[in-house]
**Student:** 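Structure incoming, see below.
First listed ligand is number 1; within each ligand, the first listed atom is number 1. The figures here come from the full heavy-atom set of this structure, side chains too, leaving out hydrogens, waters and symmetry mates.
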Amino acid sequence: MRISSISLAAVTVVLFLAAASCSCQAQDVARTPPMGWNSWNYFAEKVDDTGVRAAADALVASGMKDAGYVYVNIDDTWEGQRDANGVLHSNAKFPDMKALAGYVHSKGLKLGIYSSPGPRTCAGYEGSFGHEEQDAQLYASWSIDYLKYDLCSFIPEVMEKRAPNDPAAQMRLMHAAYDKMAKALKATGRPIVFSLCQYGFDAVWEWAPSVGGNLWRTTGDIAPNMYSIYANMSLQAGLGSYAGPGHWNDPDMLEVGNGDLTLAENRAHFSMWAMLAAPLLAGNDLPHMKPDIRDILTNRDVIAIDQDTLGQQGSRVYVDGEVEVWTRHLAGGALALAVLNVGDTRYSTHPFHLTLSRLGLHGPQNARDLWTGKEIELTEGMPLELTIHDVLLVRIAAPK
Ligand code: GLA
């Protein structure tokens with residue numbers, strides 16, 4: 001009894017000190033990489049209230065909600081005009097944002113929204129420049145749970161105008177803009193995930209947590225093809241030490257189910273985002289997705305890699321020609337291993353040979369293939385057949 005009350009007091013003191021010393025946005029959000037859906041990659045400017053409700057319904061009906069997807073995020077083009085008091089209103093596509101939030105919450109989901117520190121968003125709609133506190137209060141009054149804050153017009157309208165020919169000063173203006181919105185969100189008292197979107201400028205991973213970022217884009221915009229997916233993935237190599245519970249590198253939203261991606265490419269994309277502890281924000285047309293896409297997005301073994309509580313991002317251990325080998329350390333000493341064929345013309349005419357010793361593994365390893373669900377044995381030098389852009393993803397519960 002006595003021991004537990006002492007430890008309780010100690011925990012309370014530690015929590016109090018942590019809260020007092022940290023300028024972070026919200027310590028209790030994004031303990032694992034955020035999961036959900038975002039409107040942009042498929043719907044872009046066609047997003048509307050009906051479509052967002054349909055996406056929320058589909059998250060539930062498809063089993064994605066049960067698999068961990070929570071956030072329903074409205075991207076750009078919801079914004080209307082400001083009234084005489086500077087209060088922003090949603091446009092005709094979104095007649096009642098508070099009612100929409102109520103609907104999404106009634107499904108056990110959360111609602112996200114989008115803005116820019118500049119006067120205009122990337123699509124030319126109203127941004128938050130000069131109205132940061134007012135907009136943060138507005139989001140809180142609507143019961144918004146997530147904000148993606150996209151640099152866009154802040155570059156030409158503020159950075160370049162206020163600090164012409166001084167890139168370092170421009171970057172400081174950008175840091176301050178994100179800090180300003182982080183503080184405005186914090187002042188609302190509502191836990192709101194803060195997502196920085198400024199394409200990786202000024203090594204964002206080094207300073208985003210100090211301005212309250214829960215996740216930050218490290219790259220330009222993703223597109224539904226393997227070149228783009230691979231480029232964004234590659235840029236995460238070496239950034240692992242900057243990610244952890246509450247703060248994540250964001251190689252951009254998922255394209256699973258979009259464009260002409262093959263099933264192998266969809267699997268590889270999803271697997272690698274899990275290896276990277278990346279946010280899993282589906283970006284496809286949920287109400288009309290095919291069963292094989294739903295099966296990829298709801299693969300719980302792969303999601304468990306992404307959501308692993310240790311929060312340690314994977315790293316590229318070695319590259320052999322067109323085959324890359326990545327590992328990710330998991331809670332309890334387990335290891336995830338991904339072998340990715342990035343070659344455009346490397347067919348499975350001849351196998352790739354896996355070198356376990358280069359991964360610090362010695363002798364045969366019992367593993368679970370997370371796409372077939374089968375238990376397999378990995379051995380030194382074993383041949384692996386991978387078709388173009390396909391992946392082998394395994395979990396080794398007790399690596400030796
Ligand atoms: C930028 C972002 C995208 C999307 C669009 C919306 O390009 O990087 O993810 O939000 O703006 O206009």
Side-chain angles (χ1 to χ4, degrees), residues 30 33-48 51-52 55 71-81 88 90-91 93-94 97 111-129 135 139 144-160 174 177-178 181 192-205 208 213-225 227-229 231-233 235-236 248-259 261 269 273 276 278-286:
M35 291 179 66
W37 172 85
N38 174 291
S39 58
W40 187 256
N41 281 356
Y42 184 82
F43 291 97
E45 73 284 352
K46 293 195 183 71
V47 64
D48 62 9
V52 172
Y71 292 98
V72 178
N73 291 351
I74 305 166
D75 208 277
D76 203 352
T77 79
W78 66 267
E79 308 87 343
Q81 303 301 319
L88 183 60
S90 49
N91 61 34
K93 296 191 297 168
F94 290 92
M97 205 57 102
L111 188 65
I113 211 160
Y114 167 99
S115 190
S116 170
R120 294 273 149 197
T121 66
C122 289
Y125 288 70
E126 187 72 20
S128 293
F129 183 65
D135 285 359
Y139 307 147
I144 296 290
D145 306 292
Y146 186 116
L147 174 67
K148 173 176 169 183
Y149 206 43
D150 196 350
L151 195 60
C152 305
S153 68
F154 192 81
I155 303 172
E157 295 298 331
V158 182
M159 290 159 62
E160 289 174 0
M174 176 183 66
Y178 280 97
M181 182 50 96
I192 298 176
V193 173
F194 190 36
S195 161
L196 275 62
C197 179
Q198 44 78 284
Y199 338 113
F201 280 164
D202 202 31
V204 61
W205 45 89
N214 297 118
L215 61 155
W216 49 86
R217 280 270 298 277
T218 52
T219 69
D221 287 12
I222 197 167
N225 64 72
Y227 301 102
S228 168
I229 291 166
N232 282 17
M233 178 197 101
L235 286 164
Q236 312 315 302
W248 307 100
N249 292 306
D250 175 9
D252 207 355
M253 305 168 293
L254 293 166
E255 293 282 14
V256 173
N258 286 341
L261 293 174
H269 177 19
W273 262 231
L276 294 170
L280 296 181
L281 295 172
N284 58 322
D285 180 7
L286 296 182

**Student:** What atoms in ligand 1 come closer than 4.0 Å to a heavy atom of Lys148?
**Tutor:** 3 (C), 4 (C), 9 (O), 10 (O)
**Student:** Got the closest protein heavy atom to atom 12 (O) of ligand 1, with its distance?
**Tutor:**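 Checking every protein heavy atom, the shortest distance to atom 12 (O) of ligand 1 gives Asp76 OD2, 2.8 Å.
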**Student:** With backbone taken as N, CA, C and O and side chain as the heavy atoms from C-beta onward, which portion of Cys197 lies under 4.0 Å from ligand 1: side chain, backbone, both, or neither?
**Tutor:** side chain
**Student:** Is it the case that ligand 1 has an N or O less than 3.5 angstrom from some N or O of Asp252?
**Tutor:** no
**Student:** Of all the non-hydrogen atoms in the protein, which one sits nearest to atom 1 (C) of ligand 1, and at what distance?
**Tutor:** Asp150 OD2, 3.0 Å
**Student:** Do Ser128 and Ser115 have side-chain atoms, one donor and one acceptor, less than 3.5 Å apart?
**Tutor:** yes
**Student:** So is Thr121 touching ligand 1 or not, going by heavy atoms under 4.0 Å?
**Tutor:** no
**Student:** Tell me, please, which residues at least two apart from Tyr42 pass ring pair (Phe, Tyr, Trp, His ring centres under 6.0 Å).
**Tutor:** none
**Student:** Any nitrogen or oxygen of Trp40 lying under 3.5 Å from a nitrogen or oxygen in ligand 1? Just yes or no.
**Tutor:**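 No, no N or O pair falls under 3.5 Å.
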**Student:** Can you tell which part of Thr77 has a heavy atom less than 4.0 Å from ligand 1: side chain, backbone, both or neither?
**Tutor:** neither
**Student:** Is the ring pair Tyr149/Phe194 parallel, tilted or perpendicular, if the boundaries are 30 and 60 degrees?
**Tutor:**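 Tyr149 vs Phe194 ring planes: tilted.
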**Student:** For Ser90 and Glu79, does a side-chain donor sit closer than 3.5 Å to a side-chain acceptor?
**Tutor:**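 No, no side-chain donor-acceptor contact under 3.5 Å.
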**Student:** Between the side chains of Arg120 and Glu157, is the shortest nitrogen-to-carboxylate-oxygen separation below 4.0 Å, so that they form an ion pair?
**Tutor:** no
**Student:** Is there a polar contact between ligand 1 and Asp75, counting only N or O atoms under 3.5 Å apart?
**Tutor:** yes
**Student:** Kindly indicate whether the side chain of Leu280, heavy atoms from C-beta on, has any atom under 4.5 Å from the side chain of Met253.
**Tutor:** no
**Student:** Scan for salt bridge (charged side-chain N to carboxylate O under 4.0 Å, His left out) pairs involving residues 192-201, sequence neighbours excluded, and state none if there are none.
**Tutor:** none
**Student:** For atom 3 (C) of ligand 1, grab the closest protein heavy atom and report residue, atom and distance to one decimal in Å.
**Tutor:** Asp221 OD2, 3.5 Å
